[in-house]
Structures are given as C-alpha cells and as structure tokens.
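All chains are named by letter (A, B, ...) in the order of the sequence lines, taking the proteins before the strands, and each is independently numbered beginning at 1.
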There are 2 protein chains.
Amino acid sequence: MPTPVATPTRQETPAVSDQGSEAPCCVPAHGQESLLAGEAEALALRFKALADPNRLRILSIVSSSPEAETCVCDLSEPLNLGQPTVSHHLKIMVEAGLLHREKRGVWAYYSLVPGALGALAATLAPKV
Amino acid sequence: MPTPVATPTRQETPAVSDQGSEAPCCVPAHGQESLLAGEAEALALRFKALADPNRLRILSIVSSSPEAETCVCDLSEPLNLGQPTVSHHLKIMVEAGLLHREKRGVWAYYSLVPGALGALAATLAPKV
DNA sequence: AGGGGAGATTGACAATCGTCGATATAGGCA
DNA sequence: TGCCTATATCGACGATTGTCAATCTCCCCT
C-alpha cells in the first residue's frame with residue numbers, strides 16, 4: 001500500500017457541489033461499506049493462494065490422492081517444478097488455511113483443510 | 001514460464017529404480033493429470049481477478065448497488081483510488097468474465113455476469 | 001461547431017511474485 | 001556414529017502487478 005493516508009483523489013468538484021435535482025450518476029454516499037478494507041484484504045489473501053495454475057494443480061492432485069494426502073515428492077514431477085518451488089507453493093497454501101501439513105518421519109504429508117474451500121466458495125456465491 | 005521444456009528435475013534415482021516392495025512414499029505415476037495445465041491456467045486467470053482487495057470491494061459494491069449496476073465514478077471515491085486505477089481493475093474483471101460492461105451515453109455501467117461467481121464457487125467445492 | 005466531462009489508454013515506477021540453485025535442517029538406516 | 005534422503009529456508013533474478021499522472025476518445029449539451 002503505497003498510499004496508506006487518504007489522498008484527496010478528486011474531491012472538491014469546485015462549483016458544482018450542489019447539482020441537486022438531476023444527479024444522473026455518481027451517487028456513492030454508501031455510508032457503510034459493504035466489504036470493509038480489512039475483510040477484503042484477508043479474503044484476497046486466500047484468493048491469491050488460488051491465483052496460480054501450479055497451486056491449483058497441487059490442490060487437484062492432493063484432493064484426488066488415495067488418502068487425500070500427498071508428499072512433496074509426489075508433486076515435483078507431475079508439475080515439472082523444482083522441489084523448493086513446490087515447498088514454497090505448499091507453504092503459501094498452508095498459510096492461507098487451505099492445506100494442512102503433517103510431518104511423519106522424513107516425509108511431509110499435505111491434505112485439504114476440510115471446510116476451507118467450501119467456505120471460500122460460500123463467500124463467492126452467498127445465496128446459492 | 002521460463003522452462004517450457006521438460007527439465008529432468010530429478011529422475012534417474014540411479015540404482016534404486018526398483019525399490020519394489022516398500023515404496024513408502026513418492027508414487028506419482030498418476031497417468032492422467034487430474035487438472036490439465038491448460039485448465040489450471042484458465043482457472044487461475046479468474047482467481048487472479050479475485051486476488052486483490054480492491055477488486056473484491058468493487059465486486060461487493062457492484063453487487064450491493066440498487067440496480068446491481070455501478071459506474072466508475074461510484075467506485076473511485078469509496079475505494080480511494082484514482083479513476084484510471086478503477087478502470088484498470090474493472091477491465092481485468094470484465095476480461096475474466098466476472099463483470100459485464102454497458103455503455104449508456106457517457107457513463108459506463110458495470111454489473112455482475114449472472115452465473116460467473118457461482119461457477120467459480122462450484123469449481124472450488126464441486127460436491128457441496 | 002465547440003466546450004466539457006466520463007471513462008479508456010499509455011508510460012513509468014515500485015512492489016510483489018514465481019522460479020531456481022545453493023544451502024541448512026532433520027529424521028532414518030547401516 | 002555417520003551417511004543418505006526428504007523437506008525447508010535463503011538469496012537472487014526476471015516477470016508480473018498495482019498505482020499514478022498525463023493524455024486520448026467519445027458522447028452530450030449549448
């Protein structure tokens with residue numbers, strides 16, 4: 001956020017401040033925002049975790065695995081990505097609350113967080 | 001994509017190619033990908049359109065408008081963004097198929113594309 | 001015809017992101 | 001104990017993104 005302070009983007013509207021009876025458009029005056037900046041930022045963080053083709057493929061592979069569990073080495077080859085890159089993508093999705101990480105011995109198993117994707121979907125289509 | 005050609009990431013596994021009876025992990029051999037690279041890329045494009053707090057707020061404002069229609073000037077002020085920036089965000093969402101643009105006179109009215117968000121939500125939680 | 005205003009486009013710049021190679025950590029096995 | 005292997009972390013680099021100021025286009029109104 002390069003401009004955290006409220007910059008007076010285009011207020012003033014010098015002499016026409018009272019266009020009164022017409023106002024064909026531009027009636028923001030919402031009063032309360034429908035989606036607060038903070039909520040929007042938190043939501044965007046989760047959608048950002050989905051905004052990469054390789055991460056979507058990881059989710060797809062994880063969810064279609066026999067036990068819905070996958071370890072890193074299962075992902076590196078089908079995605080044609082290096083191991084550090086896969087680890088990086090997995091970390092992003094764990095931090096977004098989409099994946100769960102469980103270390104068993106040397107291997108790390110990743111699985112879907114049960115309601116996470118559904119909750120995100122509900123955010124998109126609240127009344128469906 | 002800097003490496004479009006298949007780089008031999010870590011095949012070989014020199015003498016252990018037939019670990020046969022154990023294979024505790026790392027059994028990619030999926031055969032068919034669950035999500036093809038092309039589909040993943042197209043999906044990611046739509047999620048990218050949602051991966052920004054200001055765009056989420058635009059969607060929220062548009063969908064909560066009286067006629068579910070909004071023009072650019074309605075968005076610039078509540079979001080505290082310049083007009084070109086708002087236009088840019090709107091264009092991204094129109095190209096992602098999330099918003100519909102209709103020019104009436106001098107104003108451009110934006111509205112939700114009816115099934116778009118629902119279809120995306122269905123992609124997230126296919127069996128909910 | 002000409003002026004004015006709404007919105008789109010362009011160019012630039014800083015910030016973020018995806019990827020990799022190299023290295024670190026840590027658990028299992030001989 | 002010491003090596004081997006699976007995963008995480010670090011540092012770097014190019015590509016993409018979000019934002020703005022300036023400009024352009026086009027429609028309405030006088």
Using OP1 and OP2 only, check whether a side-chain N or O of Y110(A) sits under 4.0 Å from dA8(D). yes

State whether S87(A) places a side-chain N or O below 4.0 Å from either non-bridging phosphate oxygen (OP1 or OP2) of dA8(D). yes

Name the closest nucleotide to the C71(A) side chain, picking from dT19(D), dC27(D), dT7(D). dT7(D)

Expressed as a whole number of angstroms, how long is the span from K91(A):NZ to dA6(D):P? 22 Å

In this structure, how many angstroms lie between the C1' atom of dA6(C) and the CG atom of D74(B), rounded? 12 Å

Spatial distance of atom NE2 (H89(A)) from atom CG (L81(A)) [nearest 0.5 Å]: 5.5 Å

Expected output: side-chain R57(B) to main-chain L75(B) donor-acceptor under 3.5 Å: no

Among the candidates dG28(C), dG18(D), dT7(D), find the nucleotide nearest to the side-chain atoms of V106(A). dG28(C)

Between OH of Y109(B) and P of dA6(C) the distance, given in whole Å, is 11 Å

Taking only side-chain N and O atoms of R101(A), does any of them lie within less than 4.0 angstrom of OP1 or OP2 on dT7(D)? no

For L75(B) and dT19(D), what is the distance between atoms CG and P respectively, to the nearest whole Å? 13 Å

Phosphate oxygens OP1/OP2 of dC20(C): is one of them under 4.0 Å from a side-chain N or O of T85(A)? yes

Nearest-nucleotide check on DNA chain C, P84(A) vs L90(B); residue mapping nearer the 5' end is L90(B)

Describe the nucleic acid contact of K103(A) in one word from base, sugar-phosphate, nothing, applying a heavy-atom distance below 4.0 Å. nothing

Hey, are the side chains of I92(A) and D52(A) touching, using non-hydrogen atoms and a 4.5 Å cut-off? no

No-H, no-angle donor-acceptor pair, Q83(B) side chain to dA8(C) base, under 3.5 Å: yes

Rounded to the Å, how far apart are E102(B) CD and dC27(D) P? 15 Å

How far apart are the closest heavy atoms of E69(B) and E102(B), and which atoms are they? OE2-OE1, 3.9 Å

Whole-Å gap separating P (dG7(C)) and NE2 (H89(B)): 16 Å

Atom CD of E95(A) and atom P of dA8(D) are separated, to the nearest Å, by 12 Å

Using a cut-off of strictly less than 4.0 Å, decide whether N80(A) has a side-chain nitrogen or oxygen near OP1 or OP2 of dT19(C). no

F47(B) CZ to dC17(C) C1', in whole Å, measures 19 Å

Pick base, sugar-phosphate or nothing for H88(A), based on heavy-atom distances below 4.0 Å to the nucleic acid. base

At 4.0 Å (heavy atoms only), tell me whether R104(B) reaches a base, stays on the sugar-phosphate, or touches nothing. nothing

Closest contact, heavy atoms only, L112(A) versus S63(A): CD1-CB, 3.4 Å

Could you check which of dG18(C), dA8(D), dG7(C) has an atom nearest any side-chain atom of R55(A)? dG18(C)

So K48(B), base contact, sugar-phosphate only, or nothing? Heavy-atom distance under 4.0 Å. sugar-phosphate

Judged by atom type as modelled, is there a donor-acceptor pair below 3.5 Å linking the side chain of S65(A) to the main-chain atoms of I61(A)? yes

